[in-house]
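Computed over heavy atoms, backbone and side chain alike; hydrogens, waters and symmetry mates excluded. Here the structure is a predicted model, which means the values were calculated and not measured. In what follows, chains are A, B, ... by sequence order, proteins preceding strands, each numbered from 1.
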Amino acid sequence: MLDIQWLRNDLESVTARLAGRGYRLDVAAFQDLEAERKTLQTRTQELQARRNALSRQIGITKSKGKDAAALLAEVAGLGEALKAAEEALASLQKPLADLLMGIPNLPHQSVPVGKDSDDNAEVRRWGEPRRFDFPVHDHVDVGAALGLDFEAAAKLSGARFAVMKGGLARLHRALAQFMLDVHTREHGYTEVYVPYLVNAESMRGTGQLPKFEEDLFQVPRGEGERFYLIPTAEVPVTNLLRDAIVEEGELPFKFVAHTPCFRSEAGSYGRDTRGMIRQHQFDKVELVQMVKATESYRVLEELTGHAEAILRKLGLPYRVIALCTGDLGFSSAKTYDLEVWLPGQNAYREISSCSNFEAFQARRMQARVRGEKGKPELLHTLNGSGLAVGRTLVAVLENYQNADGSVTLPEALRPYLGGLEVLAPAKK
RNA sequence: GGAGACGUGGCCGAGAGGUCGAAGGCACUCCCCUGCUAAGGGAGCAUACCGGCUUAAACCGGUAUCGAGGGUUCGAAUCCCUCCGUCUCCGCCA
């Protein structure tokens, strides 16, 4: 959520910056609503002030044992007008709030200007894609012999789910353990375990609601109530600080969480239908930081580096992409995507997304720090995948495949697999 | 699932229809005193929003907020209803 003051005081430049990321702000609608809000709010508050003053007088008069009939008569005349004003104001505040909640974040000055993903900028590359002296298979073919079973998953649930068995399931688990250990031991994150079902408030806090409800899975719960399945650990972890005022000395908060993520993938029919690149359910190790406003851009670089460290330790070639203004996510002010090399697709594919949300989420959540002057200031929130576990598994299978159908395991992973060096198809 | 108790500011904790945004304490900020650390005295100190003044801040006036939402009333932290949550006991259970 943007600060409504920015819209009031600086509408022109806000509109221009939003246009840069492809969002057209309905200026006229905003101005109309604002003008009406102003008169209605002023009137309502004046009436309330009048009523409060009279009621106070009644109390004083009665406590002195005098007759308050005249005052009571006067306040009675206020009732209807006050009620009408309050209702009109309330019904106006809803569309105004909806409008505000639907406006995306402003891109940071350092974000490359562009229309779509074609205008994203490559920042750096690491690692050399391996040359193969045999026909390369994608992870679906490599995985099939190792326990990756989409048919079984289709029977159980439908499309966009996977079943993993044996060594492959263990490798999947090992990847998550490995990532958690690196981030907690080497990067200073605190591991957290969080709910996978959250309420609407939490989804609003991080920006998934109200605009992206169709991307979420819901679980009914009583009348008009429902849980939402988290699309990322970002939601529960970031919301830990919702409605909190923390002391400056407690900052920064650095959390890492391993959770499943659930996405409806509505609107992506036909994309990545093969394999486990795009699933309704996938595991992810997520990094979340809450920091002082002045620190957030330094921390974005740091956090991105933490995610990169995993790829380096696994020896997976990747590149870092700065998303352009037009490709930025709704809540983000700046985002780096990490793209891992996938030989099976002969392409770099997203495996991590690291974003600085500045105060956009904190404003929705009212997540604040008590600053030096004692005034609470909004925190800045950041997060990044460190990494998407399923896609990391895909990358390991494809990059480390051997001609005989086995997969050599990256050394960093071996301690998590009892020293195993090669994952080989089970003998028939 | 059954029975009961409770939800107040950064924290603890009073208040039980009226000049209550809320006593007191802790923490914090400023000042004074004190030859270190410690202690003492005074003042300040919730949040959001609106308006005024202003480049802005500070400041001033107002409104709302005592778990959330409704209701009763001229007036609700206080009374009533619904929901959410916490705690205790019983039952059940990974």
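A distance of 8.0 Å separates CG in A/L106 from CD in A/E358, rounded to the nearest 0.5 Å. Residue A/F227 holds its CZ atom at 10.5 Å from OG of A/S202, rounded to the nearest 0.5 Å. To the nearest 0.5 angstrom, A/S352 atom OG is 10.5 Å from A/R391 atom CZ.
In this structure, of B/U63, B/G75, B/G51, it is B/U63 that holds the atom nearest to the side chain of A/Q48. You'll find that the side chain of A/I60 is closest to B/U19, out of B/G51, B/U19, B/A64. Nearest to the side chain of A/Q45, among B/A64, B/C49, B/C74, sits B/C49. The side chain of A/S63 lies closest to B/U19 when the candidates are B/A64, B/U19, B/G75. Picking from B/G51, B/C49, B/A48 the nucleotide with the shortest atom distance to the side chain of A/R37 gives B/G51. For A/R56, the side-chain atoms get nearest to B/G21 when compared with the rest of B/G21, B/C74, B/A64.
Taking the six-membered ring where the residue is Trp, A/H187 and A/Y189 present perpendicular rings, their angle passing 60° and hence far from 30°.
Atom CH2 of A/W6 and atom P of B/A56 are 17 Å apart (whole Å). Distance CG (A/L47) to P (B/G62): 16 Å, rounded to an integer number of Å. Spacing between atom CZ of A/F227 and atom C1' of B/G85 amounts to 12 Å, rounded to whole angstrom units. Here the C1' atom of nucleotide B/G67 and the CG atom of A/D243 are 11 Å apart, to the nearest Å. Computed from coordinates, the A/I58 CD1 to B/C74 C1' distance equals 4 Å when rounded to whole Å. Distance A/E377 CD to B/U47 C1': 15 Å, rounded to the nearest Å.
The pairing partner recorded for B/A46 is B/U65, the criterion being a Watson-Crick or G-U wobble arrangement whose two distances lie under 3.5 angstrom. When both distances must be under 3.5 Å, the Watson-Crick or G-U wobble mate of B/U72 does not exist. In this entry B/G15 has B/U8 as its Watson-Crick or G-U wobble partner, both defining distances falling under 3.5 Å. Pairing for B/G1 goes to B/C90, judged as Watson-Crick or G-U wobble with the two contacts each under 3.5 Å. Nucleotide B/A38 forms a pair with no other nucleotide shown, judged by Watson-Crick or G-U wobble geometry with both contacts under 3.5 Å. Pair assignment for B/A27 gives none, since no Watson-Crick or G-U wobble pairing has each distance under 3.5 Å.
If A/V75 and A/Q5 are placed on RNA chain B by their nearest nucleotide, the residue sitting closer to the 5' end is A/Q5. RNA chain B is contacted by both A/K38 and A/A53; A/K38 maps to the nucleotide lying nearer its 5′ end (nearest heavy atom per residue).
Between A/E302 and A/R298 a salt bridge is recorded (basic side-chain N to carboxylate O distance below 4.0 Å). Using a cutoff of 4.0 Å between basic side-chain nitrogens and carboxylate oxygens, A/R274 and A/D141 are scored as salt-bridged.
At a threshold of 4.0 angstrom between heavy atoms, the contacts of A/E250 with the nucleic acid are absent. At a threshold of 4.0 angstrom between heavy atoms, the contacts of A/A76 with the nucleic acid are absent. Within 4.0 Å (heavy atoms only), A/K62 reaches at least one base atom of the nucleic acid.
Annotation: B/G44 and B/C59 have their P atoms spaced 14 Å apart (nearest Å). Taking the P atoms as reference points, B/A22 lies 10 Å from B/C45, given to the whole Å. Only the C1' atoms considered, B/G9 is 14 Å distant from B/C28, to the nearest whole Å. Look at the P atom in both B/A58 and B/G70: the space between them is 32 Å, to the nearest Å. Between B/G7 and B/A16, the two P atoms lie 14 Å apart (nearest whole Å). Going from the P atom of B/U19 to that of B/A76 covers 11 Å, rounded to whole Å. Using atom C1' as the reference point in both B/G24 and B/G13, the two lie 8 Å apart (nearest Å). For the P atoms, the distance linking B/A48 with B/G35 amounts to 42 Å, nearest Å.
The two atoms that bring A/K334 and A/E301 nearest to each other are NZ-OE2, 4.5 Å, heavy atoms only.
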